Amino acid sequence: MKAMLVNEAQQLVWSDVEEPCVGPADVLVEIYAAALNRADILQRQGKYPSPKGCPPWMGLEVAGIITQVGAEAAANSAWKPGDQVCALLGGGGYAQRVAVPYTMLMPIPKGLSFEEAASLPEAYATCYLNLFGEGAFQPGETLFFPAGASGLASVGIPMAKAFGAYVLTSVQTAEKKAEIAHLHADVVVDTSREDVVEVIRREAEAGHPIDVAIDCLAGETIGRVFPYVNEGCRWVLISTLDGTSTTVPLRAVLTKGIVFKGSMLRKRTVSEKSAILANLVRDIWPKLESREIVPTIYKVLPIAQANEAHGILERGENTGKVVLRVREHE
């Protein structure tokens with residue numbers, strides 16, 4: 001079969017590889033679409049290899065059709081050849097086929113295309129884990145989700161709004177602010193014109209102090225914001241795109257009882273991920289099928305243009321997810 005390998009110049013090349021080995025607890029999925037994540041960029045650069053036991057090529061989320069079911073998977077699940085599914089992977093999504101543990105599969109929500117479904121597993125699992133798990137979000141609370149034009153925020157903001165959140169986010173330009181209007185965040189800070197910390201301070205004074213933050217930026221902003229968050233604020237750090245250092249006002253941490261934690265979906269066990277996916281299907285899939293939550297797809301490109309797709313993420317052009325079409329659906 002074909003998969004996307006990385007050459008010495010860090011370019012993606014559609015290459016011949018061995019067929020997947022389908023274990024007893026696996027299903028084989030013919031891939032129709034694979035979504036991009038920032039982890040793919042790091043993996044291409046040699047900074048973020050696939051976990052042990054996963055294919056070495058990148059790709060964390062796919063959608064396709066089951067073509068084979070292992071004996072254990074057949075005995076312990078209802079999956080069968082012909083089922084349309086999306087899957088969360090440790091790696092291996094940029095390919096024609098992938099073997100997936102049966103617990104890592106989810107049905108494609110009714111009414112969604114393969115391209116839309118491919119954008120769900122990694123991003124939705126990450127947002128669900130950090131919003132409801134690590135963040136212990138409750139309806140009516142205030143959420144701070146910076147980088148509002150990112151693929152992750154395009155998921156997290158509508159998810160939180162669907163459960164009654166008051167949402168603050170940030171973008172770098174007025175153009176990006178206009179582009180994310182459909183996400184219906186309550187406050188969008190254009191950081192080219194406003195200081196996000198000053199806006200957060202004003203919102204706190206107006207009755208909307210931050211209860212939960214899902215922070216992919218980090219940097220010095222964290223320390224500047226802590227004095228204005230709500231008591232018992234849960235600040236969940238998921239990446240450090242704006243920097244790895246800050247000065248933390250410990251008095252604010254102490255008096256407000258701030259919980260500050262790091263969280264990575266990739267480090268979770270298969271059992272932990274399986275539980276998250278089951279909760280997604282239970283709690284989020286009905287809202288996708290009713291279109292209360294709508295996936296935001298920035299662009300769909302053929303797999304042959306994977307390098308161009310990576311360039312979109314590297315330049316920060318996308319508002320929402322970028323998806324690769326691996327195979328046309330008849």
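Hydrogens, waters and symmetry mates play no part in the numbers below; they use all other heavy atoms, side chains included. Because the structure is predicted, anything quoted here is derived from the model rather than measured.
When the side chains of ILVMFWY residues are joined at heavy-atom separations under 4.5 Å, either directly or via intervening members, L183 and L131 end up in a single hydrophobic cluster. Hydrophobic cluster membership is shared by V253 and Y228, with clusters built from Ile, Leu, Val, Met, Phe, Trp and Tyr side chains linked at under 4.5 angstrom. Following chains of ILVMFWY side-chain contacts shorter than 4.5 Å, one can reach Y124 starting from V29, so the two form part of one hydrophobic cluster. L301 and L313 fall within a single hydrophobic cluster, where Ile, Leu, Val, Met, Phe, Trp and Tyr are joined by side-chain heavy atoms under 4.5 Å apart, directly or via other members. V13 and M58 sit in two unconnected hydrophobic clusters of ILVMFWY residues. Membership requires side-chain heavy atoms under 4.5 Å apart, directly or through other members.
Put simply, the side chain of E61 does not reach to within 4.5 Å of the side chain of L120, judged on heavy atoms. Put simply, the side chain of P295 does not reach to within 4.5 Å of the side chain of K321, judged on heavy atoms. By the 4.5 Å heavy-atom criterion applied to side chains, I31 and R327 are not counted as neighbours. The closest side-chain heavy-atom distance from P101 to E72 is not below 4.5 Å. Between P146 and D215 the shortest side-chain heavy-atom distance falls below 4.5 Å. Contact of the W285 side chain with the P107 side chain is registered, since non-hydrogen atoms from C-beta on lie closer than 4.5 Å. Within the 4.5 Å cutoff, the side chain of D186 has no heavy atoms near those of the H208 side chain. Put simply, the side chain of C127 reaches to within 4.5 Å of the side chain of F145, judged on heavy atoms.
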Check step by step if side-chain contact (heavy atoms from CB on, under 4.5 Å) holds for R38 and L241. CA-CA 10 Å; R38 290 203 171 273; L241 298 177; 4.3 Å; yes
Going through the distances and angles, do N37 and T126 end up as a side-chain contact (heavy atoms from CB on, under 4.5 Å)? CA-CA 11 Å; N37 292 276; T126 296; over 6 Å; no
Show your working on side-chain contact (heavy atoms from CB on, under 4.5 Å) between L168 and V189 and close with a plain yes or no. CA-CA 8 Å; L168 315 178; V189 183; over 6 Å; no
Passes side-chain contact (heavy atoms from CB on, under 4.5 Å), T296 versus H182? Steps please. CA-CA 9 Å; T296 301; H182 67 285; 3.3 Å; yes
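Of the possible donor and acceptor atoms, one in the side chain of N307 sits under 3.5 Å from a partner among the backbone N and O of L12. No donor-acceptor distance shorter than 3.5 angstrom exists from the side chain of D242 to the backbone of A218, with no hydrogens or angles considered. For S263 (side chain) and V236 (main-chain N/O), no donor-acceptor pair under 3.5 Å exists by modelled atom type. At least one donor-acceptor pair under 3.5 Å links the side chain of T191 to the backbone N or O of V171. Side chain of E289 to backbone of K110: a donor-acceptor contact under 3.5 angstrom is found. Using modelled atom types, one side-chain atom of D83 and one backbone atom of K80 make a donor-acceptor pair closer than 3.5 Å. No donor-acceptor distance shorter than 3.5 angstrom exists from the side chain of S271 to the backbone of T269, with no hydrogens or angles considered. Under the 3.5 Å distance criterion, the side-chain polar atoms of W79 are matched with a main-chain donor or acceptor of Y102.
With a 6.0 Å radius and a threshold of 12 heavy atoms from other residues, nucleotides or ligands, R193 has its CZ atom at or below the threshold. For OH of Y298, the number of neighbouring non-hydrogen atoms (other residues, nucleotides, ligands) closer than 6.0 Å is greater than 12. Counted within 6.0 Å of CZ on R251, heavy atoms from surrounding residues, nucleotides or ligands total 12 or fewer; the atom is thus considered open. By the neighbour-count criterion of 12 heavy atoms within 6.0 Å, atom CD of E19 is densely surrounded, having more than that number from other residues, nucleotides or ligands. Open room surrounds CD on Q172; 12 or fewer heavy atoms of other groups in view lie less than 6.0 Å from it.
Annotation for G164 and F137: closest pair C-CZ, 4.4 Å, computed over non-hydrogen atoms. Shortest non-hydrogen contact noted between G148 and I180 is O-CG2, 3.6 Å. Considering every non-hydrogen atom in both I108 and L112, the closest pair reads CG2-O, 3.7 Å. Q96 approaches V326 most closely through the heavy-atom pair CA-CG1, 4.2 Å. Across all their heavy atoms, V62 and G93 have their closest contact at CG1-CA, 3.5 Å. The two residues L60 and G90 have their closest heavy-atom pair at CD2-O, 3.6 Å.
Distance NE2/H310 to CD1/I41: 4.5 Å, rounded to 0.5 Å. With rounding to the nearest 0.5 Å, the separation of CD in E179 from CD in E317 is 10.5 Å. Here the CD1 atom belonging to I238 is positioned 13.5 Å from the NZ atom belonging to K261, to the nearest 0.5 angstrom. A distance of 11.5 Å separates CH2 of W235 from CD1 of I214, quoted to the nearest 0.5 Å. The distance from atom CD1 of I258 to atom CD of E231, rounded to the nearest 0.5 Å, is 9.5 Å. Atom-to-atom distance recorded for I284:CD1 and Y128:OH is 6.5 Å, nearest 0.5 angstrom.
Side chain to side chain, S274 and T103 meet the donor-acceptor criterion of an N or O pair below 3.5 Å.
Below 30°, between 30° and 60°, or above 60°: for F163 and F132 the angle between ring planes is above 60°, a perpendicular geometry. Between F114 and Y32, the ring planes lie parallel to each other; the angle is under 30°, not in the 30° to 60° tilted range.
E308 has no carboxylate O lying under 4.0 Å from a charged side-chain N of K299, or vice versa, which leaves the two without a salt bridge. Between E115 and R325, at least one side-chain nitrogen of the basic residue sits less than 4.0 Å from a carboxylate oxygen of the acidic one, meeting the salt-bridge criterion. At a threshold of 4.0 Å, the pair D190-K176 does not count as salt-bridged, since none of the basic side-chain nitrogens sits closer than that to a carboxylate oxygen. Remark: E30 engages R97 in a salt bridge, criterion side-chain N to carboxylate O under 4.0 Å. Ion pairing of E205 with R202 is absent here, as no side-chain N (NZ or NE/NH1/NH2) approaches a carboxylate O to less than 4.0 Å.
The cationic group of R44 does not satisfy the cation-pi geometry with Y94, failing either the under 6.0 Å distance to the six-membered ring centre or the 45° limit from the ring axis.
Screening S50, P49, P56 against Q43 for a side-chain contact (heavy atoms from CB on, under 4.5 Å) leaves a single residue, S50.
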